[in-house]
Amino acid sequence: MFRITGQRGQAMIMALLIMGVGLVVTSALATMGTGAIKITRSHAADIRAYYIAEAGMERALAQLRLQPSWNGFKDGSGTDRWVDYGEGQFKIEMEPNEFTGWDTQERTVTITSTGRYLVSGETAQKTLVALVKVRLHDALWNWPGLFVDGSSAVSIGGNTTLEITEDAGVLSGKVYVRGNLSISGSGELRADILAVEKELSVQKVNQLYAQEARAYTMSASTIEKIRPTVPVIISDWNPGDEEIPDAVFTSDMKEYYAQLAADPGITIWDQDGLKDMSGIYQLDGLYRCNGPLELKSGTYSGHGTIIVTGDVGFSSGNTLVKADEDSCLTIITPTGTVTLGGGETLGANVIAHKLRLNGKASILGIAMVEEVEFNGGGNKVNFSLNNLFAEGSDMALPGTTITIGSWKEKHGIF
């Protein structure tokens, strides 16, 4: 039998021991490395899931700014659905899940955004929760009717009659003018409340019909002329009062809607393409028009907002009205002019740099503009509030603010 003796035998035993230890260490390192890789991959998947959840939350906040009554992405049965995003999906849940309507200026809602990453067998899920407050602009909420946001003077003269029809609900017809307002000739103004930040001038008795008139400056002659027809007169109105709303047509607002009009993800406006078999225009969400827009006559149903970068025309004699009380249309052109040719009826809310009225016309909605111009004699313009807000409608409303009260990750309980 062969025996290992002496120093050579000890060296061989030592070598075998070293090899054994090396194999054990190598095996342990390999196991640790594999585990580290798995941990690294899992951590990377968690990060991706977190970013997907964050993207979903940002998308929800953007939707609320466009549509304050929005309550999440739903499937055909009204259930919250998963939305594809990159290498994963997100789902938005909102509480309270239903919006009661436009009986308050603010809406507080908890948004839960769940993101999940699904690639090559790697799965991860993260959830974010945010408490947000959605608030309509004071000008929109407190002064529905005709809101003139620019500094240019407004003149109602000739044979122009401007009438703001009172709404049956909580809102009433109002006129707000940033600059001066003068009523002369055979001009008339009828509204529930009139507010003028600068000077109000009335030439004759019975030209102003209102429940209340406010102005920073009114001459004794003006006060004397309107006293018989206006129950409440608040003269020397201080522009620093809390009731003075912030500006609507800010540079940020104009840039925001210019970006929307160029967004390829928003449907291009095609009025003829919206007709159904009965010839009614079926509106659904946001539309964009990069350039001028010529509206046509017809009847529409549904909810729609048109973002326009150019001027908006509505030819004389045309009529565009809604098919039912739940429908709503808003036209927004922060740098353009909306022109009504005369004798037409436009059933829409108008938000524009300038509103030009060339004859008898009816706007079945509100108007928020920087300037308003009345051309020609015999104008009789009626602003009605019956198109103001339809619950659940898609509206891109200037000045809607989103305030985040809290934003945190929701951790699972195991």
Side-chain angles (χ1 to χ4, degrees), residues 46-102 104-118 124-137 140-141 252-253 255-257 259-267 283-288 302-305 307 328 330 332 389-412:
D46 284 343
I47 292 175
R48 288 185 173 95
Y50 181 90
Y51 285 141
I52 292 171
E54 192 174 61
M57 184 67 75
E58 293 291 351
R59 176 74 179 275
L61 296 176
Q63 281 293 134
L64 281 173
R65 187 178 181 187
L66 287 174
Q67 182 188 353
S69 61
W70 184 72
N71 64 0
F73 299 101
K74 308 292 183 183
D75 59 19
S77 63
T79 304
D80 296 314
R81 64 179 176 86
W82 289 96
V83 178
D84 292 334
Y85 183 84
E87 296 178 314
Q89 298 173 316
F90 64 77
K91 181 170 69 173
I92 303 298
E93 299 171 273
M94 305 182 71
E95 181 63 37
N97 204 31
E98 294 182 357
F99 189 44
T100 56
W102 297 101
T104 60
Q105 187 177 358
E106 295 181 351
R107 174 194 182 193
T108 300
V109 61
T110 299
I111 306 173
T112 301
S113 175
T114 302
R116 61 187 185 187
Y117 174 71
L118 307 165
Q125 184 166 297
K126 292 290 182 178
T127 301
L128 298 176
V129 179
L131 178 66
V132 303
K133 180 180 290 184
V134 185
R135 181 180 174 85
L136 301 180
H137 196 288
L140 184 75
W141 177 254
D252 288 344
M253 174 266 204
E255 181 180 355
Y256 175 67
Y257 287 99
Q259 291 174 352
L260 284 182
D263 187 345
I266 297 177
T267 304
L283 304 184
D284 180 23
L286 294 173
Y287 303 90
R288 64 187 177 94
H303 311 133
T305 297
I307 311 295
C328 181
T330 301
I332 301 180
F389 300 129
E391 184 176 338
S393 62
D394 287 278
M395 297 170 293
L397 300 176
T400 297
T401 58
I402 305 294
T403 304
I404 301 175
S406 63
W407 179 304
K408 61 184 179 180
E409 182 177 353
K410 180 180 179 181
H411 297 282

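Closest approach of Ala124 to Asp46, counting heavy atoms only: CB-OD1, 3.3 Å. Between Ala53 and Gly115, the closest heavy-atom pair is CB-N, 3.5 Å. Across every non-hydrogen atom of Ile52 and Tyr117, the tightest pair is CD1-CA, 4.2 Å. For the pair Tyr287 and Gly304, the tightest heavy-atom approach, listed with the atom from each and the gap, is CE1-CA, 4.4 Å. The nearest pair of heavy atoms linking Arg81 to Lys91 is O-CG, 3.6 Å. Minimum interatomic distance between Ile92 and Gly56 (heavy atoms only, all atoms of both residues): CD1-O, 3.4 Å.
Interatomic distance, CD of Gln125 versus CG of Leu118, reported as 8.5 Å (0.5 Å rounding). Thr127 OG1 to Tyr50 OH: the interatomic distance, rounded to the nearest 0.5 Å, is 11.5 Å. Met94 contributes atom CE, which lies 4.5 Å from atom CG of Leu64 (distance to the nearest 0.5 angstrom). Going from atom OG of Ser113 over to atom CZ of Arg59 covers 11.0 Å, rounded to the nearest 0.5 Å. In this structure, CD in Glu54 is found 6.5 Å from CG in Leu128, a value given to the nearest 0.5 Å. Here the straight-line distance linking atom OG1 of Thr114 with atom CG of Asp80 works out to 9.5 Å at 0.5 Å rounding.
Residues Phe90 and Phe73 meet the side-chain proximity criterion, which asks for heavy atoms closer than 4.5 Å. Between Val129 and Lys410 the shortest side-chain heavy-atom distance falls below 4.5 Å. You'll find the side chain of Arg48 reaches within 4.5 Å of the side chain of Glu87, heavy atoms only. Taking the side chain as every heavy atom from C-beta outward, Lys126 and Tyr51 never approach each other to under 4.5 Å. Counting only heavy atoms from C-beta outward, the side chains of Ile404 and Leu131 never approach each other to under 4.5 Å.
Judged by the 6.0 Å distance and 45° axis criteria, Arg116 is not positioned over the aromatic ring of Tyr85.
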Trace of the side chain to side chain contact (heavy atoms under 4.5 Å, CB included) decision for Leu283 with His303: CA-CA 5 Å; Leu283 304 184; His303 311 133; 5.8 Å; no
Test log, rule side chain to side chain contact (heavy atoms under 4.5 Å, CB included), inputs Ile266 and Ile307: CA-CA 10 Å; Ile266 297 177; Ile307 311 295; 5.7 Å; no
Trace of the side chain to side chain contact (heavy atoms under 4.5 Å, CB included) decision for Val132 with Ile111: CA-CA 8 Å; Val132 303; Ile111 306 173; 3.8 Å; yes
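At a threshold of 4.0 Å, the pair Asp263-Arg288 does not count as salt-bridged, since none of the basic side-chain nitrogens sits closer than that to a carboxylate oxygen.
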